[in-house]
Amino acid sequence: MKLACADFTWPLLPHDRVLKMIGLLDIEAVDLALFGNRSHIRPEVVRQDIPLWCGIITERLAQSQLELADFFVTPWTDFETMAVNHPDPKQQEESAAFFHDMLAVARCIGARGMTVLPGIRVGDEPWEASIRRSAEGLKWRVDAAAKAGLQLSVEGHLGSNVDTPEKLARLVELTPGLTLTLDYGHFVFQGIPDAEIEPLLNHARHFH
């Protein structure tokens, strides 16, 4: 097992200093995050010139001598904007374009895996319907990532449509090839015992 540290651990430090801090802690790898409107390196900026930012990120990783453990991307500060299962066709179109751009970044910086969010529940719609729509949105993303040599993961989290181990397991069942970035904290916070979370370990690619 290798330990990594997320670059968003120190949001007030400049990004290059965050990478140096991780190295000073004798941690060998970094989870690089591109979170819309809030991370050190923001996807809406990167998308304006992907080759330029690929060079910047690659240079920073090389200078810090950190391995890239995971590439974690979210479109915006809320979970709804460009969600993988958003019912609005326009949002779906924008979500697909965002994913393709982030996949291009992942390839050029040498990522082996990429984490995205699983989707949302709209209003009081049935959970099963919401999860099935997520599966449909994720299937082609899993295939596209695989063609690029990457594994695609989702993180089941509070505020998503897979906020319990049972729901997350259902999404994995419906989406062949999908892996998990597993964070026990989202479930423990709800009082869910470890025994109910542990079956998800069989599908985990990465841990938070």
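Only a predicted model underlies this, so the values are computations on that prediction, with no experimental measurement involved.
Remark: the backbone N or O of L158 is paired with a side-chain donor or acceptor of H186 at under 3.5 angstrom. The backbone N or O of K167 sits less than 3.5 Å from a side-chain atom of T164, completing a donor-acceptor pair. A donor-acceptor pair is defined here as one N or O able to donate and one able to accept, closer than 3.5 Å; such a pair exists between the side chain of Q92 and the backbone of V84. Judged by distance alone, with hydrogens and angles left aside, the side-chain atoms of D7 form a donor-acceptor pair with the main-chain N or O of A33 at under 3.5 Å. Between the side chain of R42 and the main chain of S39, a donor-acceptor pair closer than 3.5 Å is present. Between the side chain of S64 and the backbone N or O of R60, at least one donor-acceptor pair lies under 3.5 Å. Side-chain N or O atoms of Q91 include one that pairs as donor or acceptor with a backbone N or O of M82 at under 3.5 Å. Panel note: side chain S160, backbone G156; no donor-acceptor pair is recorded below 3.5 Å. A donor-acceptor pair under 3.5 Å is formed between the side chain of R121 and the backbone N or O of E125.
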Exercise for review: Given side chain to side chain contact (heavy atoms under 4.5 Å, CB included), test K2 with E67 step by step and report yes or no.
Suggested key: CA-CA 10 Å; K2 289 186 177 181; E67 180 183 344; 3.2 Å; yes
TODO: Decide side chain to side chain contact (heavy atoms under 4.5 Å, CB included) for D16 and L19; before the verdict, give the C-alpha distance in whole Å, the side-chain angles of both, and the deciding distance to 0.1 Å.
DONE: CA-CA 5 Å; D16 58 341; L19 299 181; 5.7 Å; no
Audit row: M102, V105, side chain to side chain contact (heavy atoms under 4.5 Å, CB included) steps and yes/no:
CA-CA 5 Å; M102 292 299 99; V105 175; 4.3 Å; yes
Please lay out, stage by stage, how I120 and S130 fare under the test side chain to side chain contact (heavy atoms under 4.5 Å, CB included).
-> CA-CA 7 Å; I120 57 167; S130 177; over 6 Å; no
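Applying side-chain hydrogen bond (donor to acceptor under 3.5 Å, both in side chains) to D70 and the options R205, Q151, R112, H208 leaves one that passes, R205.
Nearest heavy-atom pair across L150 and A106 is CD2-CB, 3.5 Å. Closest of all the heavy-atom pairs between R133 and N85 is NE-O, 2.6 Å. Considering all non-hydrogen atoms of both residues, I22 and A6 come closest at CD1-O, 4.3 Å. The heavy-atom pair separating F187 from V162 by the smallest distance is CE2-O, 4.4 Å. The two residues A135 and L174 come nearest to each other via the heavy atoms CB-CB, 3.7 Å. Across all their heavy atoms, L152 and T179 have their closest contact at O-OG1, 2.8 Å.
With contacts defined as side-chain heavy-atom distances shorter than 4.5 Å, the pair L3/E28 does not qualify. Between L171 and L138 the shortest side-chain heavy-atom distance falls below 4.5 Å. Counting heavy atoms from C-beta outward, T58 and C108 have side chains that stay 4.5 Å or more apart. Residues I56 and I41 are not in side-chain contact: their nearest non-hydrogen atoms beyond the backbone lie 4.5 Å or more apart. Residues T115 and V154 are not in side-chain contact: their nearest non-hydrogen atoms beyond the backbone lie 4.5 Å or more apart. A heavy-atom distance below 4.5 Å is found between the side chains of F98 and V73.
For S95 and R141, the side-chain atoms include at least one donor-acceptor pair closer than 3.5 Å.
Taking CD1 of I27 as the reference point, atom SG of C5 lies at 5.0 Å (rounded to 0.5 Å). Atoms NE2 and NZ, from H86 and K90 in turn, are 12.5 Å apart once rounded to the nearest 0.5 Å. Distance check, rounded to the nearest 0.5 Å: CG of L182 to CD of E155 gives 8.5 Å. Residue L168 holds its CG atom at 8.0 Å from CG of L178, rounded to the nearest 0.5 Å. In this structure, OG on S134 lies 10.5 Å from CG on L117, to the nearest 0.5 angstrom. The CD atom of Q190 sits 4.5 Å away from the CD1 atom of I192 when rounded to the nearest 0.5 Å.
Two rings, from F35 and H40, have their centers 6.0 Å or more apart. Aromatic ring centres of W140 and F99 lie closer together than 6.0 Å. Ring centers of H206 and F72: at least 6.0 Å apart, outside the cut-off.
At most 12 heavy atoms of other shown residues, nucleotides or ligands fall within 6.0 angstrom of atom CZ in R107.
The same ILVMFWY cluster, assembled from side-chain heavy atoms under 4.5 Å apart, contains both F207 and V172. With hydrophobic clusters built from ILVMFWY side chains whose heavy atoms lie under 4.5 angstrom apart, I131 shares a cluster with V142. Placement of W76 and V46 in two distinct hydrophobic clusters is found when ILVMFWY residues are connected by side-chain heavy-atom separations under 4.5 Å, directly or transitively. Hydrophobic clustering of Ile, Leu, Val, Met, Phe, Trp and Tyr side chains at less than 4.5 Å, counting indirect connections, unites L61 with W10. Hydrophobic clustering (ILVMFWY, side-chain heavy atoms < 4.5 Å, transitive): F79 and W127 are in distinct clusters.
Ion pairing between R170 and E166 fails under the 4.0 Å rule for side-chain N and carboxylate O. Residues K139 and E136 are paired through a salt bridge, judged by an N-O separation under 4.0 Å between the basic side chain and the carboxylate.
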